Amino acid sequence: MKEEEKNKQTGSLNFLEQVITKDLEQGNTKGRVHTRFPPEPNGYLHIGHAKSICLNFGLANKYNGKCNLRFDDTNPTKESIEYVNSIKEDIRWLGFDWEDREYYASDYFDKLYEMARYLIKKGKAYVCEMTGEEIAAGRGTPSTPGKISPWRDRPVEESLDLFDRMKKGEFPDGSKVLRAKIYMASPNMHMRDPVMYRIMHARHHRTQDKWCIYPMYDWAHGQSDYLENITHSICTLEFEVHRPLYDWFLDNLDVKVNRPRQFEFARLNLNYTVMSKRKLLELVEGDYVSGWNDPRMPTISGLRRRGYTPASIRVFSEKVGVAKRENVIDMALLEHCVREDLNKNSERLMAVLDPVKLVIDNYPDDKTEILEGIRNPERPEQGHRNIPFSKTLYIERKDFMEDPPKKFFRLAPGREVRLKYAYIVKCENVVKDSAGNVTEIHCTYDPETRSGNSTKKVKGTLHWVSAGHAVEAEVRLYDRLFDVEDPTDLPEGGDFKDNLNPDSLQIIKGLVEPSVKDAKQGERYQFERTGYFCIDPDSKPGKLVFNRTVSLRDSWAKMHKK
RNA sequence: UGUCCUGUGGUGUAAUUGGCAACACGUCUGACUCUGGAUCAGAAGAGUCCAGGUUCGACCCCUGGCAGGACAACCA
């Protein structure tokens with residue numbers, strides 16, 4: 001485990017830690033802590049899943065327990081091996097290891113089948129032949145009781161026989177189900193004789209054609225927990241009403257020892273984005289983004305491509321906390337977490353994203369100096385990089401103003417400014433095109449002010465690149481995907497996609513220091529005074545492509561907004 | 001007009017289980033700075049959904065409200 005996890009404050013415990021601590025003290029789980037992360041392989045993982053992954057693996061780690069990876073693959077029509085693979089990749093990338101405990105609910109289909117027969121024999125389950133619509137209608141509503149199925153009291157032998165023939169594939173999809181026999185008038189809808197098995201003549205990505213009946217979530221999940229000796233089964237709030245059913249199955253299976261218990265916590269919500277699989281899928285399929293791993297997506301693969309680090313996401317998961325109340329986390333917290341990590345761990349670079357030419361009139365025409373830049377001021381031991389300097393440079397267009405406001409510390413006619421790692425220059429005059437745009441800024445430099453040899457102070461320091469040495473790069477500037485805090489807060493008939501930020505991606509050509517010419521995919525840099533960037537997978541030798549992970553905090557821009 | 005869950009600064013999470021609310025993000029000052037970054041110092045901001053009650057004392061316990069959320073797939 002990394003440093004930051006070890007250093008987390010241990011002063012107070014979240015409610016799950018309190019439960020576990022108590023269980024451990026009272027010997028309720030024989031000293032064991034065993035959790036699991038149970039994704040359904042029907043989509044890509046997002047930052048909300050990351051919270052759950054960090055929670056489950058983190059708890060196991062903290063209490064010297066184990067955490068299983070278990071795919072909840074009980075619905076073959078929606079699941080596939082591609083999703084299994086992407087999920088495994090994402091969890092590993094986040095830094096967690098399930099060792100040899102990679103399980104699948106489908107591994108337990110035989111056992112589950114036998115357990116279901118046990119319940120039938122006890123008179124606790126029966127084969128029901130109503131149609132789907134009939135079952136739904138018969139279930140009643142939350143405030144009115146349901147109706148008893150005409151098949152509810154059929155003989156055990158008959159249910160056993162039918163269930164066996166369902167398994168053999170003798171009946172068409174939807175013609176029969178196995179239901180638990182509980183209580184049709186329960187105020188809890190999930191206790192109104194829930195379906196345990198449905199008939200689906202579908203090929204499963206692991207069991208192939210072996211089964212034509214598949215267990216439902218409630219039936220499969222709790223029993224899988226039991227079979228894996230899970231102690232604390234942690235899920236999100238919407239499963240709270242399922243807990244009585246979770247316990248009912250265990251009770252009626254006569255599970256006395258090693259009973260898993262379910263606990264629920266509030267899922268993560270982030271402002272300026274959406275988190276539901278359905279909506280994310282809609283963005284992908286409607287080509288609003290380039291795919292699941294579009295750097296604007298809140299998916300793990302999107303954040304990875306965006307340049308987020310695994311550590312920053314782990315720290316974020318720690319900082320958002322765990323509780324039972326609905327919450328919306330500020331995107332600024334996520335951004336703070338990456339900045340903190342990247343500030344410490346990324347090398348600096350000068351890159352000019354919106355170039356304007358700067359000519360030093362009194363600098364020799366053919367001279368090139370090699371200057372030393374610090375790779376990372378936070379880690380001076382990493383040493384220096386070489387930066388070529390010459391008469392003709394490019395600086396950021398917004399670092400020059402002809403008629404600057406009061407607190408503008410950058411370049412303006414007659415003003416002096418330091419070129420980082422180089423000299424102090426003074427603006428003498430500018431050249432404009434016919435439209436009045438500045439095309440060249442002419443300066444003079446003071447040879448005595450070379451970096452390191454001078455103590456002269458000026459208000460501003462600018463980044464720059466040498467015109468003859470800089471390398472061109474494509475830079476993709478990403479911003480938040482939506483321009484409102486809650487994209488799902490809509491007027492009647494509105495669509496969340498109406499809230500998409502039209503400027504969430506801006507592609508520009510920038511100029512970077514030649515030292516990054518051979519940068520490799522995934523490498524992360526801080527462009528000085530600009531932001532954190534990483535090399536996109538689209539980058540090729542000779543054609544650099546950078547993604548902006550997050551901008552630097554910009555107090556100038558901030559004070560200017562007002 | 002059902003059942004269950006949840007209400008603490010703008011946001012999120014705490015409060016060692018009854019001793020007048022802490023931390024983080026954000027916001028705002030100031031210092032420092034060859035990144036208007038980082039760092040450092042400081043400030044503002046809640047009296048804990050409301051009303052009663054118990055108690056010397058309540059965010060915490062009790063009663064009653066109110067508000068928000070979840071639940072009626074052969075999805076998970």
Side-chain angles (χ1 to χ4, degrees), chain A residues 9 11-14 18 38-40 42 72-75 77-79 128 130-132 135-137 139-146 173-179 186-192 194-200 213-214 216-218 220-221 235-244 264 266 271 277 319-330 332-337 339-340 343-344 348 350 374 377-378 407-410 417-422 424 449 451-452 454 456-463 526-531 551-560:
Chain A
Q9 305 93 328
S12 58
L13 305 177
N14 66 46
Q18 286 174 20
E40 182 188 14
N42 71 340
D72 231 329
D73 55 350
T74 55
N75 188 350
T77 60
K78 293 186 174 173
E79 298 152 6
C128 177
M130 295 198 289
T131 65
I135 290 177
R139 205 177 325 263
T141 71
S143 50
T144 59
D173 288 5
S175 59
K176 291 174 179 53
V177 293
L178 183 72
R179 299 176 74 174
S186 170
N188 183 336
M189 299 293 289
H190 297 278
M191 300 298 271
R192 321 246 261 227
V195 173
M196 294 170 64
Y197 277 94
R198 73 284 217 189
I199 300 172
M200 281 176 119
I213 53 172
Y214 289 94
M216 300 292 290
Y217 166 84
D218 287 298
H221 197 92
C235 60
T236 45
L237 246 33
E238 66 270 28
F239 292 101
E240 209 151 23
V241 279
H242 294 239
R243 181 151 31 99
E264 310 85 14
N271 59 14
K277 273 184 191 174
K319 285 190 198 259
V320 297
V322 186
K324 297 194 69 160
R325 63 177 119 155
E326 309 278 336
N327 61 80
V328 182
I329 305 296
D330 201 330
L333 181 61
L334 218 209
E335 295 179 342
H336 166 262
C337 292
R339 286 197 187 102
E340 191 176 53
N343 174 51
K344 262 253 155 20
R348 313 285 124 126
M350 291 199 285
I374 300 168
E378 302 289 326
K407 292 231 178 168
F408 187 79
F409 300 153
R410 286 110 94 146
V417 93
R418 174 170 289 283
L419 294 175
K420 178 116 181 161
Y421 299 129
I424 290 174
T449 59
S451 186
S454 161
K456 183 172 175 183
K457 305 271 187 223
V458 282
K459 250 327 196 175
T461 299
L462 309 187
H463 61 277
Q526 182 198 104
F527 288 179
E528 301 220 38
R529 305 209 306 134
T530 305
S551 64
L552 245 34
R553 290 186 70 217
D554 187 346
S555 48
W556 166 245
K558 204 179 287 173
M559 81 188 252
H560 230 147

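Model, not experiment: these values are computed from the prediction. Note on naming: letters A, B, ... go to the chains in the order of the sequence lines (proteins, then strands), and numbering restarts at 1 for each one.
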Colleague: Under the rule syn = chi within 90° of 0, otherwise anti, which is B:rA46?
Modeller: anti
Colleague: If I pick the C1' atom on B:rG45 and the same atom on B:rA22, what distance separates them, to the nearest angstrom?
Modeller: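 These two C1' atoms come out 14 Å apart once rounded.
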Colleague: Please state the P separation for the pair B:rC28 and B:rC61 - nearest whole angstrom.
Modeller: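 It comes out at 38 Å once rounded to the nearest Å.
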Colleague: In this structure, how many angstroms lie between the C1' atom of B:rA31 and the NZ atom of A:K459, rounded?
Modeller: 12 Å
Colleague: Is there a Watson-Crick or G-U wobble partner for B:rC25 with both distances under 3.5 Å, and which nucleotide is it?
Modeller: B:rG10
Colleague: Which whole number of Å gives the distance between the C1' atom of B:rU17 and that of B:rG57?
Modeller: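 So the two C1' atoms sit 16 Å from each other.
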Colleague: Less than 4.0 angstrom between a side-chain N/O of A:T144 and OP1 or OP2 of B:rG2, yes or no?
Modeller: no
Colleague: Less than 4.0 angstrom between a side-chain N/O of A:S555 and OP1 or OP2 of B:rG37, yes or no?
Modeller: yes
Colleague: In Watson-Crick or G-U wobble terms, both distances under 3.5 Å, what is the partner of B:rG45?
Modeller: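 Per the H-bond distance test, none.
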Colleague: Could you pull out the closest heavy-atom pair between A:D218 and A:H242, with the gap in Å?
Modeller: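 Residues A:D218 and A:H242, closest heavy atoms: OD1-ND1, 2.7 Å.
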Colleague: B:rA14, OP1 or OP2 - any side-chain N/O from A:Q18 closer than 4.0 Å?
Modeller: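 Result: no.
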Colleague: Check for a donor-acceptor pair, side chain of A:S186 on one end and backbone N or O of A:N188 on the other, with a separation under 3.5 Å.
Modeller: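 Answer holds: yes.
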Colleague: Among the nucleotides B:rC71, B:rC75, B:rG36, which one has an atom lying closest to any side-chain atom of A:V241?
Modeller: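 Per side-chain heavy atoms of A:V241, the pick is B:rC71.
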Colleague: Measuring only the P atom in each nucleotide, how far is B:rG10 from B:rC50? A whole number of Å is fine.
Modeller: 13 Å
Colleague: Among the candidates B:rC74, B:rU35, B:rG36, find the nucleotide nearest to the side-chain atoms of A:L552.
Modeller: B:rU35
Colleague: Let's see if you can work this out: which of B:rG69, B:rA72, B:rU1 has an atom nearest to the side-chain heavy atoms of A:S143?
Modeller: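 Out of B:rG69, B:rA72, B:rU1, the nucleotide with an atom closest to A:S143's side chain is B:rU1.
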Colleague: Tell me whether B:rU17 sits syn or anti, counting syn as a glycosidic angle within 90° of 0.
Modeller: syn
Colleague: Among B:rU6, B:rA76, B:rG69, which nucleotide has an atom closest to any side-chain atom of A:Y217?
Modeller: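 Among the listed nucleotides, the one closest to the side chain of A:Y217 is B:rA76.
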Colleague: Using a 90° cut-off around 0 for syn, call B:rG47 syn or anti.
Modeller: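 Syn conformation for B:rG47.
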Colleague: Using the C1' atom as the point on both nucleotides, what is the distance between B:rC60 and B:rA70, in whole Å?
Modeller: 26 Å
Colleague: Write down the distance separating the C1' atoms in B:rU13 and B:rU8, rounded off to the nearest Å.
Modeller: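 These two C1' atoms come out 10 Å apart once rounded.
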Colleague: Can you find a donor-acceptor N/O pair under 3.5 angstrom joining the side chain of A:R325 to the base of B:rG68?
Modeller: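 By the distance-only test, no, there is no pair.
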Colleague: Which listed nucleotide (B:rA76, B:rU35, B:rU17) is nearest to the side chain of A:H242?
Modeller: B:rA76
Colleague: Please give, in whole Å, the distance from B:rA24 C1' to A:N14 CG?
Modeller: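 After rounding, the gap between these two atoms is 15 Å.
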Colleague: OP1, OP2 of B:rU27 versus side-chain N and O of A:R553: anything below 4.0 Å?
Modeller: yes
Colleague: Measure the CD1-CD1 distance between A:I199 and A:I213 for me, rounded to the nearest 0.5 Å.
Modeller: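 Going from the CD1 atom of A:I199 to the CD1 atom of A:I213 covers 8.0 Å.
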Colleague: Please find the pair of heavy atoms, one from A:R179 and one from A:C128, that lie closest to each other, and give the distance.
Modeller: CD-CB, 3.5 Å
Colleague: Look at A:R339 and B:rG37 and indicate whether a side-chain polar atom (N or O) is within less than 4.0 Å of OP1 or OP2.
Modeller: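 Indeed not, no polar side-chain atom of A:R339 lies that close.
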Colleague: Any side-chain N or O of A:R348 under 4.0 Å from OP1/OP2 of B:rA38?
Modeller: no
Colleague: What's the NE2-P distance between A:H190 and B:rU3, to the nearest Å?
Modeller: 16 Å
Colleague: Taking the C1' atom of each, how far is B:rA21 from B:rC59, in whole Å?
Modeller: 8 Å
Colleague: Could you state the atom-to-atom distance from NE2 of A:H336 to P of B:rU27 in whole Å?
Modeller: 11 Å
Colleague: Distance check, C1' atoms only: B:rC49 and B:rA58, in whole angstrom units.
Modeller: 16 Å
